[in-house]
> 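Below is the structure I would like to discuss, written out as structure tokens.
Heavy atoms only: backbone and side chains are in, while hydrogens, waters and symmetry mates are out.
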Amino acid sequence: MDAPEKGKRDEMKENGKTYTKTGMLLCFLRGSKGLFAASILASAVVAALDMVTPQIIRIVVDYCLGDEMGSLPVFVQEALAAAGGRTYFLRNLYLAAVAVLAVAVFSAFFQYLNTYLNARATERMVKTARDLLFSHIEELPFDWHMKNQTGDILQRCTSDVTTVRDFVSEQLVQVMRIAILILFSAFFMASMSWKLSLVVFLSVPVIVGYSWFFYRRIGHLFLQCDENEGVLSTITQENLTGVRVVRAFGREQYERERFRKQNVVYTDAWMDLCRLLSGFWASGDLLMGLQLMLIVVLGTVFCVRGELTAGELIAFISYNRRLIWPVRRLGRMLSEMSKAGVSMERLLYILNSPAEERNEAGQTPAMRGDIVFDHVSFGYEKDVPVLRDVSFRVAGGSTLGILGPTGSGKSTLMHLLNRLYDADEGRITVDGVDVRDMSLPWLRAHIGMVLQEPYLFSRTVGENIAMAAEAGEEKIRSAARTAAVDESIEQFARGYDTLVGERGVTLSGGQKQRVAIARTLVQGTPILVFDDSLSAVDAETDAKIRRALAAYTGQATVILISHRIATLREADQILVLEQGRVTQQGTHEELAGQPGLYREICAIQDPEEGGMCHAGA
């Protein structure tokens with residue numbers, strides 16, 4: 001990673017900062033605050049222009065058609081008289097239409113600016129949010145990923161980001177416009193009839209009150225919807241990635257029923273939320289209808305009494321409509337805030353999860369490959385040890401074989417070596433330096449691992465091999481030949497340019513393992529770990545790969561984990577693990593001559609492997 005990219009990543013990661021909702025939103029808004037500000041300004045202009053049209057209508061009805069000034073301000077009356085008076089405007093009523101059209105054109109222009117700027121700001125905010133989330137997820141410890149379902153993480157980074165985006169772009173940005181509409185509408189309404197305005201103002205607390213009543217209940221239901229969507233996403237993701245297993249065991253009907261049940265739960269949760277939202281909006285419509293009816297009735301009475309002109313009543317109703325919309329919008333903002341609050345909490349869970357301690361300023365030894373496990377104990381769960389007081393040494397440039405039954409802790413040893421986890425007790429050193437004191441990127445850059453379950457990405461075969469390190473075509477082919485996969489690749493129609501399906505579904509199990517081996521060999525690391533990485537290949541190919549590896553790895557320290565005696569027998573030393581303890585240690589000849597698990601396995605495999613263990617050995 002070059003310096004600019006590293007600096008950008010560190011800036012986005014905030015170096016272990018604990019986020020609040022406000023802090024997280026400010027981070028999401030990096031690079032888009034100016035656009036949002038311009039959008040808010042354009043929206044405010046639109047709101048101000050909305051106040052003009054009712055006044056034009058009021059002047060036409062009262063002054064031009066009715067010859068009444070009503071409560072028009074003095075400066076407006078003087079301006080009308082100077083422009084030609086009532087007679088002039090009565091003969092040229094088209095001027096009112098022109099004025100309304102001009103206001104509409106200006107309003108449309110600023111509405112366009114508002115929409116365009118808001119869209120740009122929103123998409124930029126979403127990009128920043130995704131970059132921040134993905135960057136942080138990449139830095140989270142391996143243990144965190146094991147404890148959180150992939151589908152739920154994806155749902156948080158998609159649906160929850162969308163919910164926050166909608167809240168910011170559709171609700172918060174409208175605050176300025178709503179404030180202007182409320183203030184101007186209230187001012188004009190009060191100037192025309194304070195009595196009628198009182199009816200409007202008394203309804204505002206009622207609207208806010210019932211909105212708050214619903215707001216408190218919407219948040220809980222939305223959380224249920226969000227969590228159930230995460231479960232549904234996980235089921236879908238598991239079935240798409242594990243489609244071959246589902247088909248192989250004929251479990252399509254079972255998985256369909258499992259999906260259907262969760263889909264019903266998810267749908268029912270949304271139906272509960274929709275019923276509550278329906279009640280929220282329906283009750284709002286009822287209140288608004290009653291309020292409008294009251295204004296029309298009382299306004300008519302005031303007009304008959306001469307307390308209000310016809311034009312003022314028309315303008316008043318128009319302003320009331322403009323006032324009620326933002327007031328109801330505030331109620332909607334409260335309900336949307338509850339959903340956004342839930343989504344922000346779910347995003348904060350990701351961002352506030354402690355990142356892996358990389359210790360980039362740590363030690364960077366020569367990494368000659370001298371490895372020591374000194375009284376190491378470890379458990380994935382408290383009080384459930386997987387490794388118990390394990391001690392051994394691997395000399396630099398030698399080969400260590402590890403044998404043991406499933407669950408004995410073989411892979412765990414390698415997880416501790418490259419610090420996917422840290423030991424609970426004891427220490428692990430490489431060249432005399434504790435791995436916890438090393439720079440984590442340095443440590444992992446010098447340990448090449450072929451995992452027990454190799455993962456291939458949806459890229460070409462060549463790109464999968466070269467992704468661990470920059471490599472030219474010849475180096476890629478050389479690694480592929482060592483892994484005995486070159487001939488298989490050449491048989492593909494597009495050779496090394498063949499696209500590997502998701503999780504490597506276009507390759508056989510043995511081909512995936514060998515491509516993964518080639519990918520590790522390209523790194524040229526001084527420490528190589530092969531975690532049961534030849535289990536899916538036949539014995540002949542196994543032997544061929546081992547011979548090629550012996551020549552290819554040179555002075556590298558090699559750790560072989562396998563259930564095959566044939567794979568381990570040439571190792572300089574072999575460890576036997578049972579229930580997290582080292583029960584045997586020595587060369588093949590030494591262990592084959594000792595009572596224990598190694599000789600038992602050796603005797604079972606001997607007929608197939610050509611007499612590795614001799615009678616009486």
> Are the side chain of His375 and the backbone of Glu425 linked by a donor-acceptor contact shorter than 3.5 Å?
no
> Using a distance-only test with no angle check, is there a side-chain donor-acceptor pair under 3.5 angstrom linking Tyr496 and Asp486?
yes
> Can you sort out the partners of Lys147 under salt bridge (charged side-chain N to carboxylate O under 4.0 Å, His left out), two or more places apart, ordered by chain and number?
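Expected list: Asp143.
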> Less than 4.5 Å apart, side chain to side chain, heavy atoms only: is that true for Ser488 and Arg514?
yes
> About how many Å separate CD1 of Ile402 and CD1 of Ile559, when rounded to the nearest 0.5 Å?
6.0 Å
> Kindly compute the distance separating CG (Leu133) from CG (Leu347), expressed to the nearest 0.5 Å.
5.5 Å
> Look at the side chain of Thr567 and the backbone N and O of His563, then say whether any donor-acceptor pair between them is shorter than 3.5 Å.
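No, Thr567 side chain to His563 backbone: no donor-acceptor pair under 3.5 Å.
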> Identify whether the distance between the nearest side-chain nitrogen and carboxylate oxygen of Glu474 and Arg481 falls below 4.0 Å.
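A salt bridge is present here (some side-chain N lies under 4.0 Å from a carboxylate O).
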> Using every non-hydrogen atom in the two residues, find where Leu597 and Pro405 come nearest and quote the distance to one decimal.
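Smallest heavy-atom distance, with atoms named: CD2-CD, 3.6 Å.
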> Using 4.0 Å as the upper bound for N to carboxylate O, is an ion pair formed by Arg436 and Asp434?
yes
> Using a 3.5 Å distance criterion without hydrogens, assess whether the side chain of His446 forms a donor-acceptor pair with backbone atoms of Met367.
no
> Side chains of Leu416 and Arg419: does their closest heavy-atom pair fall under 4.5 Å?
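No, their side chains stay 4.5 Å or more apart.
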> May I ask you to check if Arg130 and Phe134 form a cation-pi contact, with NZ or CZ under 6.0 angstrom from the six-membered ring centre and within 45° of the axis?
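No, Arg130 does not lie over the aromatic ring of Phe134.
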> When rounded to the nearest 0.5 angstrom, what distance separates CE in Met467 from CG in Leu456?
9.5 Å
> Just by distance, do the side chain of His145 and the backbone of Thr150 share a donor-acceptor pair under 3.5 Å?
no
> Atom OG1 of Thr460 and atom CZ of Arg494: how far apart are they, to the nearest 0.5 Å?
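The OG1 atom of Thr460 sits 8.5 Å away from the CZ atom of Arg494.
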> With a cut-off of under 6.0 Å to the ring centre and 45° to the axis, is Arg459 in cation-pi contact with Phe457?
yes
> Tell me, with the steps shown, if Gln594 and Arg599 meet side-chain contact (heavy atoms from CB on, under 4.5 Å).
CA-CA 7 Å; Gln594 300 174 3; Arg599 192 166 76 174; over 6 Å; no
> Quick check: do Val430 and Leu417 have side-chain heavy atoms less than 4.5 Å from each other?
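Result yes, sub-4.5 Å side-chain heavy-atom pair found.
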> Determine whether Asn359 and Ser439 make a side-chain contact, defined as any pair of heavy atoms from C-beta on separated by less than 4.5 Å.
no
> Does Arg258 pair with Glu255 as a salt bridge, N-O distance under 4.0 Å?
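Here Arg258 pairs with Glu255 in a salt bridge, since their nearest N and O are under 4.0 Å apart.
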> Side chains of Val390 and Arg581, heavy atoms from C-beta outward: is any pair under 4.5 Å?
no
> Taking the side chain from Asp374 and the backbone from Gly426, do they hold a donor-acceptor pair closer than 3.5 Å?
no
> For residues Tyr598 and Thr583, is any side-chain donor paired with an opposing acceptor at under 3.5 Å?
no
> Are the side chain of Asp160 and the backbone N or O of Met344 linked by a donor-acceptor pair below 3.5 Å?
no
> Return the minimal non-hydrogen interatomic distance between Thr128 and Phe28, and the atom names on each side.
CB-O, 3.5 Å
> Go through the steps for Ile465 and Val515 under the test side-chain contact (heavy atoms from CB on, under 4.5 Å), then give the verdict.
CA-CA 6 Å; Ile465 295 175; Val515 169; 3.9 Å; yes
> Return the OG to CG distance between Ser377 and Asp389, rounded to the nearest 0.5 Å.
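Output value for this atom pair is 5.5 Å.
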> Looking only at non-hydrogen atoms, find the nearest pair between Asn418 and Arg444 and report the distance.
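Looks like O-NE, 2.9 Å.
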> Between Glu139 and Arg358, does any NZ, NE, NH1 or NH2 come within less than 4.0 Å of an OD or OE carboxylate oxygen?
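Here Arg358 pairs with Glu139 in a salt bridge, since their nearest N and O are under 4.0 Å apart.
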> Between Asp497 and Val461, is the side-chain contact (heavy atoms from CB on, under 4.5 Å) condition met? List the steps.
CA-CA 6 Å; Asp497 292 326; Val461 175; over 6 Å; no
> Could you verify whether a donor N or O on one side chain and an acceptor N or O on the other, from Trp442 and Thr364, lie under 3.5 Å apart?
no
> Is the closest basic N to carboxylate O distance between Asp370 and Arg393 below 4.0 Å?
yes
> Backbone N or O of Met125 within a donor-acceptor pair of the Arg165 side chain at under 3.5 Å?
no
> Taking Asp152 as the fixed residue, which of Gln149, Gln155, Arg156 is the one that meets the side-chain hydrogen bond (donor to acceptor under 3.5 Å, both in side chains) rule?
Arg156
> Given side chain to side chain donor-acceptor pair (under 3.5 Å), test Arg256 with Gln253 step by step and report yes or no.
CA-CA 5 Å; Arg256 279 197 295 268; Gln253 182 59 38; 3.0 Å; yes
> Report the distance from atom CG of Leu575 to atom CD of Gln585, rounding to the nearest 0.5 Å.
5.0 Å
> Give a yes or no on whether a salt bridge exists between Lys410 and Glu578, defined as a side-chain N under 4.0 angstrom from a carboxylate O.
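No.
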> Could you pull out all residues at least two apart from Phe142 that satisfy ring-ring contact (aromatic ring centres under 6.0 Å, His included)?
His415, Tyr421
> Please tell me if the side chains of Phe373 and Leu387 come closer than 4.5 Å, counting only heavy atoms from C-beta onward.
no
> Going through the distances and angles, do Ile601 and Ile565 end up as a side-chain contact (heavy atoms from CB on, under 4.5 Å)?
CA-CA 8 Å; Ile601 295 176; Ile565 299 297; 4.0 Å; yes
> As a quick check of understanding, evaluate salt bridge (Lys or Arg N to Asp or Glu O under 4.0 Å) for Glu473 and Arg477, giving each step before the final call.
CA-CA 6 Å; Glu473 183 178 351; Arg477 289 179 176 273; 3.1 Å; yes
> Check Cys27 against Tyr19 and note the closest heavy-atom contact, atom names and distance.
SG-CE2, 3.4 Å
> Using every non-hydrogen atom in the two residues, find where Gln523 and Gly448 come nearest and quote the distance to one decimal.
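Here Gln523 and Gly448 meet closest at OE1-CA, 3.7 Å.
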> Could you tell me if Gln579 and Ser408 have a donor-acceptor pair between their side chains, going purely by distance under 3.5 Å?
no
> Is the OH atom of Tyr380 crowded by more than 12 outside heavy atoms at less than 6.0 Å?
yes
> Can you name the closest pair of heavy atoms from Ala556 and Thr525 and give their distance?
CB-O, 4.0 Å
> Would a 4.5 Å heavy-atom cut-off, applied to side chains only, mark Val126 and Val161 as touching?
yes
> Determine whether more than 12 heavy atoms belonging to other residues, nucleotides or ligands lie under 6.0 Å from atom NZ of Lys21.
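Yes, NZ of Lys21 has more than 12 neighbouring heavy atoms, counting only those of other groups under 6.0 Å.
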> Examine the side chains of Asp531 and Ser411 and answer whether a donor and an acceptor come within less than 3.5 Å of each other.
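There is such a pair between these side chains.
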> So do the side chains of Lys382 and Val384 get within less than 4.5 Å of each other, counting heavy atoms only?
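Lys382 vs Val384: side chains apart.
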